[in-house]
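Note sheet for the following structure.
Naming: A, B, ... by sequence-line order, numbering from 1 per chain.
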Amino acid sequence: MSDENTNPSDERTGHGSRGFEGVDLDEVVLDDTAEGNQGLFDDLLSGEPIFENKEVLRPSYTPHELPHRKEQINRMATILVAALRGETPSNILIYGKTGTGKTASAKFVSQELERTSLKYEVPCEVEYINCEVTDTQYRVLAQLANKFIENNQIEIGERISELQDIRDGVAAESDQLENTEFSSLNAIEDRISELEADADEMEAVPMTGWPTDRVYNTFFEAVDYQERVVVIMLDEIDKLVEKSGDDTLYNLSRMNSELENSRVSIMGISNDLKFTDFLDPRVKSSLGEEEIVFPPYDANQLRDILQHRADVAFKADALSDDVIPLCAAFAAQEHGDARRALDLLRTAGELAERDQKERVEEGHVRKAQDKIELDRVVEVVRTLPTQSKLVLFSTISLEKNGVHNINTGEVYNVYKHLCEEIDADILTQRRVTDLISELDMLGIVNAVVVSKGRYGRTKEISISVPIDETEAVLQSDSRLSDIDDIQPFMQQARFDS
DNA sequence: TTTCCACCGGAAGATGTGGGAG
DNA sequence: CTCCCACATCTTCCGGTGGAAA
């Protein structure tokens with residue numbers, strides 16, 4: 001209820017780092033400095049609410065209808081029906097930029113698949129793994145193993161109680177045995193204890209501690225325990241390959257030749273069209289048996305999508321006519337990111353709500369644009385590790401002292417003084433270079449390697465977020481707050497370099 | 001043309017944490 | 001308790017380099 005603004009939202013838009021000029025700070029930043037307390041909620045409650053159902057605008061919501069994705073969904077379904085015939089579906093690779101509906105479509109198809117498999121009693125399971133979170137071979141295998149173990153145990157449990165029912169029935173009427181596959185009461189008892197033993201044997205994989213091959217074996221046995229087709233959905237698969245190579249994929253794709261009862265099929269989802277370049281050719285060919293591309297939405301399609309959801313999300317007449325086209329246009333500029341468009345729409349609605357307006361106007365969308373970006377930056381900076389914060393702080397200090405085209409050496413000098421000041425460990429310059437690169441990847445700074453000829457080669461760093469706000473966020477960290485005037489060693493640092 | 005700066009960035013390995021198994 | 005494993009974070013070492021200056 002109380003998250004009506006500043007929810008960070010799991011938005012991650014590459015290098016969004018353009019102008020902040022028009023940000024109205026009082027409106028946007030740190031709203032814990034709320035206006036008076038008197039009747040705070042009364043006011044908000046009495047305001048004519050704009051939303052009917054905000055949930056459908058959230059990124060976590062999986063719609064039942066995905067406009068403009070019929071073609072891709074049908075392709076996926078065509079490939080995956082094989083599973084319902086008990087055959088192994090081809091492995092699928094799905095490409096597309098963020099917010100093109102890859103994950104939503106894939107999840108939709110897998111839900112349908114599982115639903116249908118229940119209907120026709122064909123054992124078929126889909127497991128979803130997000131490789132951005134689960135980004136090592138060990139963790140992927142462990143997570144899969146645990147899921148299958150859990151499922152197996154549930155099923156064994158059901159089977160046992162089924163058998164117990166039969167046993168009890170048989171015990172009561174001793175001539176019913178011929179209706180079952182068992183020859184005697186004892187046989188049933190034996191089967192029950194067998195199953196119980198199986199269930200006991202399945203040991204959950206710990207987060208860490210085991211050798212990887214043991215995890216693999218556990219996973220393998222858990223999958224092979226019963227006859228079925230298993231689809232493993234690896235979202236953001238490029239992150240996994242980037243971080244820990246293609247061993248995982250290799251192991252998964254060769255599993256089929258050793259499995260006896262079950263079949264696995266891999267469905268990889270990637271943002272990066274070229275990530276297969278780093279793969280072992282064998283993995284590459286097996287993984288990319290089928291490829292589906294999700295092109296970015298254009299402005300018209302985005303408008304459609306927004307309209308669909310807005311009908312549900314907003315009260316009738318809560319949107320002025322130009323709101324949806326504007327959201328669509330903004331998002332179309334961001335490589336057709338639908339998630340972005342929905343975020344924009346939701347945030348615009350929230351802003352209008354906060355303004356006690358009855359309609360969302362164009363201006364709210366423009367404000368939302370800035371707010372989303374600022375919220376993202378604030379959140380990223382706030383959750384930075386201390387060392388990175390120190391590096392960023394050093395860079396900002398230099399910038400504020402009129403040093404432009406800052407280079408690594410300068411940052412490092414300031415950083416060293418800063419560390420002494422607050423009694424933090426001083427990292428090596430090598431490490432600081434890496435931290436700067438990380439800040440670059442997060443879109444907080446912009447670092448380019450330039451050669452200054454005789455005067456060496458270095459990264460030229462500039463800040464690509466609003467400086468004062470960022471500094472404020474940094475200073476709200478308790479460990480950085482007691483940095484007082486940096487002027488004294490600012491001078492010093494310049495002599496050093 | 002050659003030199004040489006001031007760093008880049010890969011590789012390997014150390015350290016520390018959190019968790020096994022016997 | 002000892003030894004093993006995975007992993008994040010950081011250090012050590014070092015070869016590599018674009019281009020202004022000599």
Side-chain angles (χ1 to χ4, degrees), chain A residues 129-146 149 200-222 236 239-252 277-278 380 383-395 398 403-420 422-442 444-462 477 479 492-497:
Chain A
I129 291 208
N130 185 335
C131 300
E132 197 174 21
V133 190
T134 313
D135 59 356
T136 64
Q137 182 176 17
Y138 185 98
R139 290 207 266 255
V140 169
L141 292 177
Q143 199 173 319
L144 285 170
N146 285 336
I149 287 170
D200 284 348
E201 234 172 69
M202 291 182 196
E203 188 187 357
V205 179
M207 288 182 24
T208 170
W210 285 7
T212 306
D213 57 340
R214 180 169 170 195
V215 181
Y216 176 80
N217 289 332
T218 311
F219 163 59
F220 187 95
E221 274 159 33
E236 320 249 347
K239 297 273 160 47
L240 176 67
V241 175
E242 196 180 292
K243 270 213 66 185
S244 45
D246 51 11
D247 292 3
T248 320
L249 299 178
Y250 179 72
N251 285 332
L252 287 178
D277 293 358
F278 310 111
V380 168
T383 54
L384 241 31
T386 311
Q387 291 291 351
S388 298
K389 284 184 179 170
L390 285 166
V391 172
L392 181 58
F393 197 96
S394 311
T395 319
L398 281 160
V403 188
H404 299 294
N405 302 333
I406 310 160
N407 58 43
T408 312
E410 288 166 338
V411 172
Y412 190 63
N413 284 328
V414 178
Y415 162 84
K416 270 193 295 193
H417 285 102
L418 222 50
C419 284
E420 276 165 28
I422 67 164
D423 205 23
D425 293 342
I426 301 176
L427 302 181
T428 51
Q429 182 159 335
R430 178 70 187 81
R431 180 63 187 146
V432 170
T433 314
D434 280 347
L435 293 181
I436 292 172
S437 301
E438 279 166 30
L439 291 174
D440 182 28
M441 297 237 271
L442 289 167
I444 298 174
V445 303
N446 205 323
V448 194
V449 252
V450 292
S451 176
K452 300 191 172 180
R454 191 69 180 211
Y455 304 109
R457 222 159 98 83
T458 182
K459 275 200 171 83
E460 211 159 69
I461 307 156
S462 58
D477 185 312
R479 285 155 299 186
Q492 178 85 42
R494 256 187 260 172
F495 284 126
D496 287 356
S497 59

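At the phosphate of dA8(C), OP1 or OP2 sits under 4.0 Å from a side-chain N or O atom of R139(A). Not one side-chain nitrogen or oxygen of K243(A) sits closer than 4.0 Å to the OP1 or OP2 atom of dC7(C). Side-chain nitrogen and oxygen atoms of T433(A) include none within less than 4.0 Å of the OP1 or OP2 phosphate oxygen of dC7(B). Using a 4.0 Å cut-off, some side-chain N or O of T136(A) falls inside it from OP1 or OP2 of dC7(C).
Side chain of R454(A), nearest nucleotide from dG18(C), dA21(B), dT3(B): dT3(B). Listed candidates were dA21(B), dA22(C), dC7(B). Nearest to the side chain of W210(A) is dA21(B). Out of dG18(C), dT12(C), dG20(B), the shortest distance to the side chain of S451(A) is found at dG18(C). Here the side chain of L427(A) is nearest to one of dC7(B), dC10(C), dC5(C), namely dC10(C). Side chain of R431(A), nearest nucleotide from dG19(B), dT11(C), dC8(B): dT11(C). Closest to the Q387(A) side chain, of the nucleotides dA21(B), dT11(C), dC10(C), is dC10(C). The listed nucleotides are dG9(B), dA21(B), dC5(C); the one nearest the side chain of S437(A) is dG9(B). For Y138(A), taking side-chain heavy atoms from C-beta onward, the closest of the listed nucleotides dA6(C), dC8(B), dA21(B) is dA6(C). Set against dC7(B), dA8(C), dA21(C), the side chain of Y455(A) has dA21(C) as its closest nucleotide.
As rounded to whole Å, 9 Å separates atom P of dG9(B) from atom CG of D434(A).
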Residues E236(A), K239(A); criterion salt bridge (Lys or Arg N to Asp or Glu O under 4.0 Å); working and verdict: CA-CA 6 Å; E236(A) 320 249 347; K239(A) 297 273 160 47; 3.3 Å; yes
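Heavy-atom nearest nucleotides on DNA chain B were determined for R430(A) and for K452(A), and the one closer to the 5' end corresponds to K452(A).
Counting non-hydrogen atoms of neighbouring residues, nucleotides and ligands closer than 6.0 angstrom, the CG atom of D423(A) reaches no more than 12 such neighbours. The number of heavy-atom neighbours closer than 6.0 Å to CG of D425(A), taken from other residues, nucleotides and ligands shown, is 12 or below.
With hydrogens and angles disregarded, no donor-acceptor distance shorter than 3.5 Å links the side chain of D135(A) to the backbone of C131(A).
The pair E132(A)-K243(A) does not count as a salt bridge, with every side-chain nitrogen at least 4.0 angstrom from each carboxylate oxygen.
Base contact: T208(A) has a heavy atom under 4.0 Å from a base atom. Within 4.0 Å of L435(A), counting heavy atoms only, lies no atom of the nucleic acid at all. Contacts of Q137(A) with the nucleic acid, taken as non-hydrogen atoms under 4.0 Å apart, are absent.
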